[in-house]
Peer 1: 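My questions all concern the structure below.
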Amino acid sequence: MPKSLIQIRKSQLITGFGPGSIVNDLEGDGLMILAPRHWSNESRLRAPVQNETLRQKLGAKMLVSIKEAGNEYYPDITAVRIPRWSYCSRCRLMTKLGSFSLSKAKCSNPECSSKKYRGKKSTLVSVRILVMCEKGHISDFPFQEFVHGDTDWENHSLTYNIDSRKSGMSSVLIKCETCDKSKRLDGVLSNDLKVKHNLTCRGESPWLLEEDKFFKKEECDKDLVGVQKSSSNIYFPIVQRSIAIPIESDVDDVITSSFEDFNIRERIKEVLADNDLPQDIVWAMVKSFSHRMLNDSHKEQAMHYFYNPPNVELNSSFEELEYHAFNKFVGSVKNKDWSGYRYPGSNLEFSWASLFEEIIPMERVKVTNAFCGFSRVKPFEEIEDESLTKLSNRIKQSYGYKNIIEDVFVDEIRGEGIFFKIDFVKLSSWAKHNDVQKEFERLGEDSKSFLNERYKNPQQFLALHSLSHALIHSFSKQSGYPLSSLSERIYTPRLGDETLYAGILIFTANSDGDGSLGGLFSLGEKNRLSIILNRLVKDNKWCSSDPVCSGYGAKGVQSSNLAACHNCLILPETSCGYFNKYLHRGFLTSANSNHTIEIFS
């Protein structure tokens, strides 16, 4: 197969350019990244990753990452051409190219290489229209069915014609040179192709190849959506973010820290595969991988720990597990991925210090981002509920697994952060106020429905999310990190959680190396944090876009924001895990005279 010199960073394979996504080659043609099992050197690039909570929650055998390389570029990732339909800029003849024809193709029409053109063939131009559905299927636009309907069109030739008297898609006329039928592309970029043009989804998954190199197909009853190749709704990556947290165990701390620090279990499983080896050989491997941290006195406990990894509470959400880890292990457990200290929020010189039960500056924190598939047309959470079963189905569909989830690709980020443990009783009491309830009702119906179906107290989430964005803006000015390098984690009970909790984690989310600058961690010191919090309240009382920002009702996608704009709360896309939705500055410091809706009141 021809090689296309496209450079993709390791972190991009998890976020925007993973399997099933479309990237442009140097000629501007579309290429779809195949599932990892089709990469030519996939096994050589893998490195095992330790995060027992994430692994068990996803039901994966192993978490793996791309091994580090000098320049972080990996040219052995395989892709197929999409769209395959192209047309000649001279004779307008349409040609459907092969999936692995990655080089720039030439027109096959003899007229294009006649003496008139000095024997030079014309280069084909890609037709940038595709069809897809919410289930994730995507394929070339069915031009033959579009023009001919139910009639036989085998061996018919199509031409791609432009009418300069019209604009948009209505200016494109697809004509059959064999039977003289024609049809304009007017209205093909819509969500009701079945109603308008009687077109149904073929169930194609181009990123998954069968043994005979044809695209995998399955029956599908979802509505077909017409879309241009460059549209943003073609690919919404599903990235499950998890903080690496200590796990309770009766085993000696030396054993647990050795297994976590050196990824012993994952590295041995990679060597063993499905083979059973004598325990003496396994023990020798454990000692070798522990870099002499373990000796024969640890054998019994270490072998039991290897064959019986600690269980994770699968019924709890990631946020609930992480919240309890911050609550329990900070100060008592310290390793290369987890280190911090704590002090009471009452120590802050801040008028509303009682809102914070504890402040926990984290000197070291590791975040693992797992690629769990993708969705099309809409983000995953707007199509399905985020249950582990639905998430597992997306993983299997995206990776091409049939029954068991083998490996899930992840990216690790090591940095620092500050955890705010919020007084849940006080926040809940505030959320029950009638004025707060009325303010929440100003949101759009879709936004209210989404929050009510996900959280036990949606008003509480709205307040915490708004406070989180205000903190990131304040920390960015003092820490030396740009806004795009900071990220958030919101802790508030989901509908399935058993316990009640409230908290915010602000952490560095930049994957440019191990460690951090230390600027964010140092801001957790009580005197510096007190100054920042007092300044935050003053800064958010008004916005340079007021009264437009605060006085014109719900705004944004699905009317999901109230008082929020780019001049006050909105962050770069890399910093917010909720698409900059569900924000209201009025819940922090009210822009009007109604102070009862403020959490700082």
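Predicted model, so just to flag it, every value in this text is computed and none were measured.
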Peer 1: Is it true that a side-chain atom of K456 and a backbone atom of D497 form a donor plus acceptor pair closer than 3.5 Å?
Peer 2: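 Yes; at least one donor-acceptor contact below 3.5 Å.
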Peer 1: Would you call Y578 and H465 a side-chain contact if the rule is heavy atoms closer than 4.5 Å?
Peer 2: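 They are in side-chain contact.
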Peer 1: Can you find a heavy atom in the side chain of P19 that is under 4.5 Å from one in the side chain of S398?
Peer 2: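 Side-chain contact under 4.5 Å: no.
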Peer 1: For a 4.5 angstrom cut-off between non-hydrogen side-chain atoms, does K581 reach Q558?
Peer 2: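 In short, these two side chains touch, coming nearer than 4.5 Å.
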Peer 1: Without hydrogens or angle criteria, can the side chains of S126 and R81 be said to hold a donor-acceptor pair below 3.5 Å?
Peer 2: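 There is no such pair between these side chains.
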Peer 1: In terms of side-chain heavy atoms, does Y501 have a donor or acceptor partner in E322 at a distance below 3.5 Å?
Peer 2: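 The criterion, which ignores hydrogens and geometry beyond distance, is not satisfied for E322 and Y501.
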Peer 1: With a 4.5 Å limit on heavy-atom distance, are the side chains of E412 and V49 in contact?
Peer 2: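 They are in side-chain contact.
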Peer 1: For side-chain contact (heavy atoms from CB on, under 4.5 Å), just list the numbers for E363 and E416, CA-CA rounded to whole Å, side-chain angles, deciding distance to a tenth of an Å, and then say yes or no.
Peer 2: CA-CA 5 Å; E363 185 178 14; E416 56 184 329; over 6 Å; no
Peer 1: Parallel, tilted or perpendicular: which fits the ring planes of Y399 and Y401, with parallel below 30° and perpendicular above 60°?
Peer 2: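 Y399 and Y401: parallel rings.
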Peer 1: Could you label the plane-to-plane angle of the F475 and F420 rings as parallel, tilted or perpendicular, counting under 30° as parallel and over 60° as perpendicular?
Peer 2: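 Ring orientation, 0 to 90° scale: parallel.
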Peer 1: With the side chain counted from C-beta on, respond yes when Y491 and K421 share a heavy-atom pair under 4.5 Å apart, and no when they do not.
Peer 2: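 No, side chains not in contact.
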Peer 1: To the nearest 0.5 Å, how far apart are OG1 in T53 and CG in L58?
Peer 2: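 Interatomic distance, T53 OG1 to L58 CG, rounded to 0.5 Å: 10.5 Å.
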Peer 1: Tell me, do R489 and F507 make a side-chain contact under 4.5 Å, heavy atoms counted?
Peer 2: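 With C-beta onward as the side chain, the pair touches.
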Peer 1: Is there a side-chain contact between L209 and L34, using heavy atoms and a 4.5 Å cut-off?
Peer 2: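 When only atoms from C-beta onward are counted, L34 and L209 do touch, with a gap below 4.5 Å.
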Peer 1: Over all heavy atoms of both residues, which pair between M62 and P48 is shortest? Give the atoms and the distance, please.
Peer 2: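 Looks like SD-CB, 4.2 Å.
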Peer 1: Please report the C-alpha distance between N51 and K366 in whole Å, then the side-chain angles of each, then the deciding distance to 0.1 Å, and finally whether the side chain to side chain donor-acceptor pair (under 3.5 Å) criterion is met.
Peer 2: CA-CA 10 Å; N51 189 323; K366 185 177 77 170; over 6 Å; no
Peer 1: Would you find a donor on one side and an acceptor on the other, under 3.5 Å apart, between the side chain of R128 and the backbone of Q228?
Peer 2: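 It does not hold such a pair.
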Peer 1: Ring-plane angle category for Y582 and F450, please: parallel below 30°, perpendicular beyond 60°, tilted otherwise.
Peer 2: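 Taking F450 first and then Y582, their aromatic rings lie parallel (interplane angle under 30°).
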Peer 1: For side-chain contact (heavy atoms from CB on, under 4.5 Å), just list the numbers for F374 and R394, CA-CA rounded to whole Å, side-chain angles, deciding distance to a tenth of an Å, and then say yes or no.
Peer 2: CA-CA 7 Å; F374 59 87; R394 286 285 175 169; 5.6 Å; no
Peer 1: Check for me whether the distance between the ring centres of F409 and W39 falls short of 6.0 Å.
Peer 2: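 Ring centroids of F409 and W39 are less than 6.0 Å from each other.
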Peer 1: Apply side-chain contact (heavy atoms from CB on, under 4.5 Å) to the pair E319 and R494, showing each step before the final yes or no.
Peer 2: CA-CA 9 Å; E319 290 84 357; R494 299 205 178 197; 3.1 Å; yes
Peer 1: Do L505 and I243 pass the side-chain contact (heavy atoms from CB on, under 4.5 Å) test, and can you show the C-alpha distance, the side-chain angles, and the key distance before you say yes or no?
Peer 2: CA-CA 10 Å; L505 173 66; I243 306 295; 3.8 Å; yes
Peer 1: If you count heavy atoms of other groups shown closer than 6.0 angstrom to CD of E218, is the number above 12?
Peer 2: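 Buried by this count: over 12 neighbours within 6.0 Å.
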Peer 1: Does either side chain, that of S375 or that of E134, offer a donor lying less than 3.5 Å from an acceptor on the other one?
Peer 2: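 No, because no side-chain N or O of S375 sits under 3.5 Å from a partner of the opposite role on E134.
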Peer 1: Does the side chain of V227 reach to within under 4.5 Å of the side chain of I129, using non-hydrogen atoms?
Peer 2: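 With C-beta onward as the side chain, the pair stays apart.
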Peer 1: Verify side chain to side chain donor-acceptor pair (under 3.5 Å) between T499 and E320, making sure each step is shown before the conclusion.
Peer 2: CA-CA 8 Å; T499 56; E320 185 177 15; 2.6 Å; yes
Peer 1: Taking side chain to side chain contact (heavy atoms under 4.5 Å, CB included) as the criterion, tell me which of T508, V330, L520 meets it with M362.
Peer 2: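 By the side chain to side chain contact (heavy atoms under 4.5 Å, CB included) criterion, M362 pairs with just one of T508, V330, L520: V330.
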Peer 1: If only side-chain N and O atoms count, and only distance matters, is there a donor-acceptor pair under 3.5 Å linking N403 with K396?
Peer 2: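 Side chains of K396 and N403: no pair found under 3.5 Å.
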Peer 1: Would you call the rings of Y455 and F461 parallel, tilted or perpendicular, where under 30° means parallel and over 60° means perpendicular?
Peer 2: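 Y455 vs F461 ring planes: parallel.
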Peer 1: Is it true that a side-chain atom of S231 and a backbone atom of N233 form a donor plus acceptor pair closer than 3.5 Å?
Peer 2: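 Here the side-chain-to-backbone pair does not exist.
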